[in-house]
Every structure is written in C-alpha cells, then in structure tokens.
Chemist: 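Sharing a structure with you now.
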Amino acid sequence: MNQNKIRFAAIGTSKITEKFLGEAAKNSSFQLTAVYSRSSKKAAEFAEKHHADSGYDNLEALAHDKAADAVYIASPNAVHYEQAVKLMEAGKHILCEKPLCSNLREAEQMFALAEKNHVILMEAVRSLHDPGFAVIKENLGRLGKIRRASFRYCQYSSRYDDFKAGIVQNIFRPECSAGALMDIGVYCVQPLAALFGEPHSLHPVSVMLDGGIDGAGTVTADYGDMIGELVYSKITESHLASEIQGESGVMLIDSIASPEKIEIRYYNGKTETLRDEAYDSNLKYELQTFIDAVRGQRSVEQYRNISLQSMRMMDEIRNICGIRFPADGQE
C-alpha cells in the first residue's frame, strides 16, 4: 500500500456519495481509483466525472481490483452486508454509510469477518467524529448529575412528497431496510450510545406509513437515574435544539448530527458558549479517522462497540414497533 495515498473505490452514485467525494478530494491521503454502480452506464459516467480509473457494474470484479485498498459503501442499507462481506473477503478495508447493515446479526458477522481478515470496518456516522461531539463529551461534567438527554433530528424528506403521490423510493421501502429510524433516527441513537451506553430498557412509538415502514418515531430510554429521549422524523420538521439536562445546568446543541453551536445555561443565570462555528462538513473527520485506522495509527474499537450497541437498540425498537425487513429472515 502506498503510504502517501489510500486508494479508494466508491459504491453508490447518490447525493451522499457526491458530498463524500467532494470532501475526500481535499484530503491529500485520498485517491479515488474506482466506482461501482449496478448500471454500467452510471458507473462509467460517475467514474469519468470523478476522475476514477475504473467503473464497475460487477461487484466480483471490484473485489479483485488490486488498485483499490479500501471501499466507501453508500448503497441502499439492505445490500451493505452482502457488499461489505464480499469486499472484506478480498482484503478490502470498508467505510460503510450508516446504518452499517440491516440488523445486529449482520453487524456481528461483519465485524467478525473484519477481524478474521485483518481489515478495518467502520460505520460512517459523521457526527461522532465531529469536533463538536468531542466538545459535548468533554463538558458533560459541567452539568452536574445528568438526568435527561433529549436528541432530536426531524427533517422533512422531499421523497415523502413522492411517497404521498404513490411513488415509493428506496428510503421508504422495507426491502431496502430503510425508514425513519434507520435513515435519520440513527443520528440520535448513536450519540446516546456513545455518551451513555445502552439503557436498561427502551419504550418506542413509531408513526407507521403504508407499506409497513416508519415515517417518524419517539423513543424513551430508561437508564434508571437518567432518561433518554430520541425524537426523529422524515415526514415533519423540528427547529428545537437537542439538550442534555443536568442538576447544575442544561447543554443546548443546535444539531445533534452537525453540532455547530453548543452552550451551557447554568441555573445560576450564567451562560457559557462552548462552540460557535460556521458549518463545516463533518464528512472529512470520519474519513480521516478511517484513513488513520487503515494506516495503523489509531484504533477504531470504540466505534465498533458503538455500532454494535446502536444496532442492538435499533433492533429492539423495530421489534417493539413491528418494523420488519426481509433481511431479518425468521428472527
């Protein structure tokens, strides 16, 4: 492997892939060598657009491309497992868009295979690598005894307009392991797991849409001496901040997915601004963490643990709310 460049392939031609490649192009350690799409025409066009050497519509061919050290996967959720397994068996490192896969069983098998084949597998949850998240974590002690963490991410999807018109895109299809929890609720579940671990119990409610998919949800997490609240939606908007409430003050976070402004309002009347930054895409931070891990310069075990905890929680939420995917089989 060229220590100056990590040679990447990219799977998927969606907006998130475009955004990722736009940020990745600014990283001197990143080199795009190949792209994959189920459509040979799209693969060729995307490869030309992003100056990649190869465009594939055959996953087996990509797996055996020796010019790629790592693969960024941004395909529909339901195929993450199959694609990652085939590529890791061929010795590729994997940076996989959230959610990592469809369920805990797949996640456990993926991490076991990564360990067996001595490759890096990391879920691309951009918010956990954002400097703003480090600010949140480092300043929890200022709040005193923490009693409540309320994380909100509600973003009206333009694809919901299509859904209401009878055009069902992948993000609202159970067969794609999609829906509000998997697409956007994960941004609330992951920080809760990262900051506080798994709760004693979960009490979720989902707004179910035609076709057996969730459009929105609220989850109460019981930690015994603390309550977690998760509010997420793809069919409504919210303009409320996320909060972590302690006995000495409350931390306000403008966006749990991209924390730009973070402040603490103490009960003595004092307000302390911890972070106030203009928007800076946090895709680049997850990429740098992954590159450092591929080079053996840092461990990503903590992110593995968070991914497994989060998937276990999402499995339970889905089970209680009756959200089933074909990938779940007879579980």
Side-chain angles (χ1 to χ4, degrees), residues 10-20 35-39 42-43 46 56-57 59 62 71-87 94-110 121 123-126 153-190 204 206-217 232-235 257 307 310-319 321-331:
I11 292 180
T13 57
S14 63
K15 289 181 181 180
I16 187 59
T17 311
E18 292 277 10
K19 290 180 180 179
F20 176 83
V35 299
Y36 168 89
S37 171
R38 290 173 296 176
S39 162
K42 279 187 178 180
F46 206 72
Y56 293 102
D57 64 353
L59 192 64
L62 174 59
V71 183
Y72 169 69
I73 297 178
S75 51
N77 303 337
V79 295
H80 287 180
Y81 172 80
E82 176 188 356
Q83 292 174 344
V85 165
K86 184 172 285 293
L87 294 165
I94 301 296
L95 177 61
C96 185
E97 266 303 332
K98 56 78 197 163
L100 183 67
C101 50
S102 299
N103 51 50
L104 179 62
R105 172 179 51 79
E106 289 185 349
E108 290 175 336
Q109 292 176 5
M110 289 167 71
L121 169 64
E123 186 176 10
V125 183
R126 54 189 174 86
Y153 193 9
C154 300
Q155 188 174 67
Y156 187 92
S157 172
S158 60
R159 296 173 186 176
Y160 185 51
D161 291 333
D162 290 340
F163 183 89
K164 290 187 288 186
I167 303 168
V168 184
Q169 298 195 37
N170 286 346
I171 200 59
F172 288 108
R173 291 183 180 273
E175 57 267 35
C176 291
S177 301
L181 172 65
M182 301 296 275
D183 183 57
I184 207 164
V186 64
Y187 283 115
C188 299
V189 175
Q190 290 263 358
S206 292
V207 175
M208 300 301 293
L209 306 176
D210 291 343
I213 202 71
D214 62 319
Y232 52 90
S233 176
K234 289 190 70 63
I235 59 176
S307 291
S310 299
M311 191 60 71
R312 189 177 294 111
M313 291 165 66
M314 290 194 293
D315 273 11
E316 183 174 349
I317 292 166
R318 290 199 298 114
N319 183 55
C321 293
I323 304 167
R324 298 283 301 173
F325 302 143
D328 297 329
Q330 298 303 312
E331 292 180 352

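Model, not experiment: these values are computed from the prediction.
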Chemist: Does A124 have any side-chain contact (heavy atoms from CB on, under 4.5 Å) partners at least two apart in sequence or in another chain, and if so, which?
Modeler: L95, E97, E286
Chemist: Does the side chain of T13 reach to within under 4.5 Å of the side chain of V35, using non-hydrogen atoms?
Modeler: no
Chemist: Could you check if a side-chain atom of E123 sits within less than 4.5 angstrom of a side-chain atom of C96, using non-hydrogen atoms only?
Modeler: no
Chemist: Who are the side-chain contact (heavy atoms from CB on, under 4.5 Å) partners of R38, not counting sequence neighbours?
Modeler: Y36
Chemist: Mind checking the CD-CG spacing from E108 to N103? Nearest 0.5 Å is all I need.
Modeler: 9.5 Å
Chemist: Any sub-3.5 Å donor-acceptor pair from K98's side-chain atoms to Y187's backbone N or O?
Modeler: no
Chemist: Apply the side-chain contact (heavy atoms from CB on, under 4.5 Å) test between S310 and each candidate in L104, V189, V125, D315; give the one that qualifies.
Modeler: V189
Chemist: Kindly indicate whether the side chain of P174, heavy atoms from C-beta on, has any atom under 4.5 Å from the side chain of R324.
Modeler: no
Chemist: What's the shortest heavy-atom distance between C101 and M182, and which atoms?
Modeler: O-CE, 3.5 Å
Chemist: Between I11 and L87, does a side chain to side chain contact (heavy atoms under 4.5 Å, CB included) hold up when you go through it step by step?
Modeler: CA-CA 11 Å; I11 292 180; L87 294 165; 3.8 Å; yes
Chemist: Tell me the closest heavy-atom pair linking D214 and G179, and the distance in Å.
Modeler: OD1-CA, 3.4 Å
Chemist: Under the criterion side chain to side chain donor-acceptor pair (under 3.5 Å), I'd like the reasoning laid out for S233 against Q155: C-alpha separation, chi angles, the key distance, then a yes or no.
Modeler: CA-CA 6 Å; S233 176; Q155 188 174 67; over 6 Å; no
Chemist: Could you tell me the separation between the NZ atom of K234 and the CZ atom of F172, rounded to the nearest 0.5 Å?
Modeler: 5.5 Å
Chemist: Side chains of L181 and I317: does their closest heavy-atom pair fall under 4.5 Å?
Modeler: yes
Chemist: Between Y232 and Y153, is the ring centre distance below 6.0 Å?
Modeler: no
Chemist: Give a yes or no on whether the backbone of F325 and the side-chain of D328 come within a donor-acceptor separation of less than 3.5 Å.
Modeler: yes
Chemist: Look up atom CG in L100 and atom CD1 in I94, then write down how far apart they are to the nearest 0.5 Å.
Modeler: 10.0 Å
Chemist: With a 3.5 Å distance limit and no angle check, can you tell me whether N170 reaches the backbone of C176 through a side-chain donor-acceptor pair?
Modeler: no
Chemist: For the backbone of I323 and the side chain of R318, can you confirm whether one donor and one acceptor N or O come within less than 3.5 Å of each other?
Modeler: yes
Chemist: Counting only heavy atoms not in K164, do more than 12 sit closer than 6.0 Å to its NZ atom?
Modeler: yes
Chemist: Using modelled atom types and a 3.5 Å cut-off, is there a donor and acceptor pairing between side-chain atoms of H80 and backbone atoms of P99?
Modeler: yes
Chemist: Under 4.5 Å between any side-chain heavy atoms of I213 and V168, yes or no?
Modeler: no
Chemist: For residues A78 and S102, report the shortest heavy-atom separation together with the two atoms involved.
Modeler: CA-OG, 3.8 Å
Chemist: Taking R173 for the side chain and A178 for the main chain, is one N or O donor matched with an acceptor at less than 3.5 Å?
Modeler: no
Chemist: Which atoms form the tightest heavy-atom contact between T17 and A74, and what is the distance?
Modeler: OG1-CB, 3.4 Å
Chemist: Listed by chain and number, what are the ring pair (Phe, Tyr, Trp, His ring centres under 6.0 Å) partners of Y72, not counting sequence neighbours?
Modeler: F20
Chemist: Take the angle between the ring planes of Y156 and Y160 and call it parallel below 30°, perpendicular above 60°, tilted in between.
Modeler: perpendicular
Chemist: Taking the side chain as C-beta and beyond, is there a heavy-atom pair between E316 and M313 under 4.5 Å?
Modeler: no
Chemist: Might you point out which heavy atoms bring E18 and F46 nearest each other, and give the distance in Å?
Modeler: OE2-CE1, 3.3 Å
Chemist: Please round to the nearest 0.5 Å and tell me the distance separating atom OG of S177 and atom CD1 of I171.
Modeler: 10.5 Å
Chemist: Which atom pair, heavy atoms only, marks the closest approach of G322 to M208?
Modeler: O-CE, 4.4 Å
Chemist: Does any non-hydrogen side-chain atom of F163 lie less than 4.5 Å from one of Q169?
Modeler: no
Chemist: Would you say CG of D210 has more than 12 non-hydrogen atoms from neighbouring residues, nucleotides or ligands within 6.0 angstrom?
Modeler: no
Chemist: Would D57 and K42 satisfy salt bridge (charged side-chain N to carboxylate O under 4.0 Å, His left out), going step by step from the backbone distance to the final call?
Modeler: CA-CA 9 Å; D57 64 353; K42 279 187 178 180; over 6 Å; no
Chemist: Just how far is it from atom CD1 of I184 to atom SG of C154, taken to the nearest 0.5 Å?
Modeler: 7.0 Å
Chemist: Rounded to the nearest 0.5 Å, how far apart are CG of L59 and CD of Q83?
Modeler: 5.5 Å
